[in-house]
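Shown next, in structure tokens, is the structure this report addresses.
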Amino acid sequence: MANKKVALITGANKGIGHEIARQLGKQGIIVLIAARDEARGKEAAAALKSEGIDTRFIPLDVTREDSIAAAAAAIEKEFGKLDILVNNAAVAIDNGPPSKLDLAVFRRTYDTNVFGVFAVTKAMLPLLQKSDAGRIVNMSSGLGSLAQTSDPAWAFAGVNLLAYNSSKSAINALTVQFANELRNTPIKVNAADPGYVATDLNQNRGHRTVQQGATAPVRLATLPADGPTAGYFNEDGVVPW
Ligand code: NAP
């Protein structure tokens with residue numbers, strides 16, 4: 001079993017996930033760059049390697065059970081455990097009000113953002129249970145907060161994307177349910193809101209950098225033993241559910 005900590009970050013070939021991998025790698029953690037596309041994943045891992053980070057590419061499409069099982073088997077074989085899981089991969093593919101949303105788009109969004117997170121978490125849990133300090137970070141969004149999105153005065157209340165926003169509300173619920181199940185174990189499960197970050201997800205319209213966006217998830221991925229579980233945090237602190 002590896003002495004160093006091992007972290008798996010899904011959708012780590014670009015955007016906030018790539019930066020989370022970089023920041024964890026800079027802390028001496030072995031980072032597994034999970035990506036669905038081999039060329040993009042290998043290139044992303046090579047970029048971090050050139051910065052002196054101990055990293056590997058691991059093929060992982062979060063919508064495919066065979067891919068998830070193969071990734072878990074590969075991690076088991078090489079490391080015998082997993083210390084950190086960052087469920088970062090997501091899509092944002094709806095762009096109109098709820099009444100204009102295609103059912104197929106709704107389903108595709110949930111396949112990645114909700115069922116993908118569930119399936120990866122379930123498959124990786126036995127490996128996280130072999131760590132003495134397992135941490136699960138689910139990338140949520142401020143748009144998943146019902147407290148915020150139901151307030152017309154909230155800065156992003158106009159972003160009324162049923163598929164994406166509700167997928168992140170579901171992730172918040174998933175976070176709490178897994179955290180409750182694991183409360184009497186060393187594993188902590190929290191949701192992270194990175195803020196509005198310039199990435200391909202929003203055609204680079206966000207006003208925050210990936211470095212800023214990675215701050216909250218990296219902190220949650222490296223929480224001490226007395227840190228919180230079943231929480232929802234951004235860089236400034238607690239986000240209302
Ligand atoms: P991004 O640049 O579009 O990156 C998304 C990543 O997810 C890509 O690596 C993408 O891979 C991957 N992905 C999508 N579907 C996948 C699948 N089926 N299997 C494996 N990987 C898959 O987006 P981002 O802004 O960095 O988003 C990262 C996380 O932060 C997401 O959970 C997002 O919802 C959340 N978030 C972002 C913002 C923001 O303002 N950017 C705000 C709040 C929350 P490909 O390159 O192969 O497509």
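Order of listing sets the numbers, starting from 1, for every ligand and every atom in it.
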Quick test: of every protein heavy atom, which one is nearest to atom 20 (C) of ligand 1, and how far off is it to 0.1 Å? Leu60 O, 3.3 Å
Tell me whether Gly17 has any N or O atom under 3.5 angstrom from an N or O of ligand 1. no
May I ask you to identify the nearest protein heavy atom to atom 25 (O) of ligand 1, giving residue, atom name and distance to one decimal place in Å? Thr199 OG1, 2.5 Å
Heavy-atom proximity to atom 13 (N) of ligand 1, best of Ala35, Ala89, Pro59: Ala89
Can you tell me if Asn138 uses its side chain to pair, donor with acceptor, with the backbone of Val86 under 3.5 Å? no
Under 4.0 Å to a heavy atom of Thr63 - the qualifying atoms of ligand 1, by number: 18 (N)
Residue pairs, two or more places apart or on separate chains, that pass side-chain hydrogen bond (donor to acceptor under 3.5 Å, both in side chains) and touch residues 216-241: Arg208-Glu235
Based purely on interatomic distance, does Ile16 place a nitrogen or oxygen under 3.5 Å from a nitrogen or oxygen of ligand 1? yes
Enumerate the atoms of ligand 1 whose separation from the nearest heavy atom of Ala90 is less than 4.0 angstrom. 5 (C), 7 (O), 14 (C), 31 (C), 32 (O), 34 (O)
Phe118 and Ile68: same hydrophobic cluster, using ILVMFWY side-chain contacts below 4.5 Å? yes
Subset of ligand 1 atoms that lie under 4.0 Å from at least one heavy atom of Gly15: 2 (O), 26 (O)
What part of Asp61 sits under 4.0 Å from ligand 1 if we count only heavy atoms: the side chain, the backbone, both or neither? both
Distance to 0.1 Å, residue and atom name: give those for the protein heavy atom nearest to atom 38 (C) of ligand 1. Gly195 O, 3.7 Å
Okay, side chain of Asn13, backbone of Ala44: is any donor-acceptor separation there less than 3.5 Å? no
Examine ligand 1 and decide if any of its atoms is less than 4.0 Å from a heavy atom belonging to Asn202. yes
For atom 9 (O) of ligand 1, what is the nearest protein heavy atom, given as residue, atom name and distance? Asn13 OD1, 2.6 Å
Donor-acceptor contact below 3.5 Å, side chain Thr112 vs main chain Thr109: no
If you count the atoms of ligand 1 from 1 in the order shown, which ones are under 4.0 Å from a heavy atom of Met139? 30 (O), 32 (O)
For atom 19 (N) of ligand 1, closest protein heavy-atom neighbour: Val62 N, 3.0 Å
If only atom types and distance count, is the side chain of Arg135 paired as donor or acceptor with the main-chain N or O of Leu223 below 3.5 Å? yes
Is it true that, when you exclude Glu43 itself, more than 12 heavy atoms of the residues, nucleotides or ligands shown sit nearer than 6.0 Å to its CD? no
Identity and separation of the nearest protein heavy atom to atom 44 (C) of ligand 1: Ser140 O, 3.1 Å
With a 4.0 Å heavy-atom cut-off (strictly under), which part of Arg208 contacts ligand 1: side chain, backbone, both or neither? neither
Heavy-atom contact under 4.0 Å between Arg64 and ligand 1? no
Short N or O distance, Asn88 and ligand 1, threshold 3.5 Å exclusive: yes
Does Pro194 reach ligand 1, in the sense of a heavy atom lying below 4.0 Å from it? yes
Kindly assign one of parallel, tilted or perpendicular to the pair His207 and Tyr196, based on the angle between their ring planes and the thresholds 30° and 60°. perpendicular
shortest atom 12 (C) of ligand 1-to-protein heavy-atom contact is with Gly11 CA, 3.7 Å
Considering residues, nucleotides and ligands other than Arg107, do more than 12 of their heavy atoms fall under 6.0 Å from its CZ? no
Element-labelled atoms of ligand 1 that are located less than 4.0 Å from some non-hydrogen atom of Thr112: 15 (N)
Would you say Val197 has any N or O atom under 3.5 Å from an N or O of ligand 1, going by distance alone? yes
Considering the heavy atoms of Tyr196, write down every atom of ligand 1 situated less than 4.0 Å from one of them. 40 (O)
Under 3.5 Å: N/O of Asp37 near N/O of ligand 1: no
If we set the cut-off at 4.0 Å for heavy atoms, which region of Arg40 has an atom near ligand 1: side chain, backbone, both, or neither? side chain
Starting at OG of Ser169, measure out to OH of Tyr164 and round the result to the nearest 0.5 Å. 11.0 Å
Residue, atom name and distance, where the atom is the protein heavy atom closest to atom 34 (O) of ligand 1: Tyr164 OH, 2.6 Å
Just to be sure I'm reading this right: ignoring hydrogens, which of Arg108, Arg205, Lys14 gets closest to atom 8 (C) of ligand 1? Compare them by their nearest heavy atoms. Lys14
On a heavy-atom basis, which atom in Leu24 and which in Val218 lie closest, and how many Å separate them? CD2-CG1, 4.0 Å
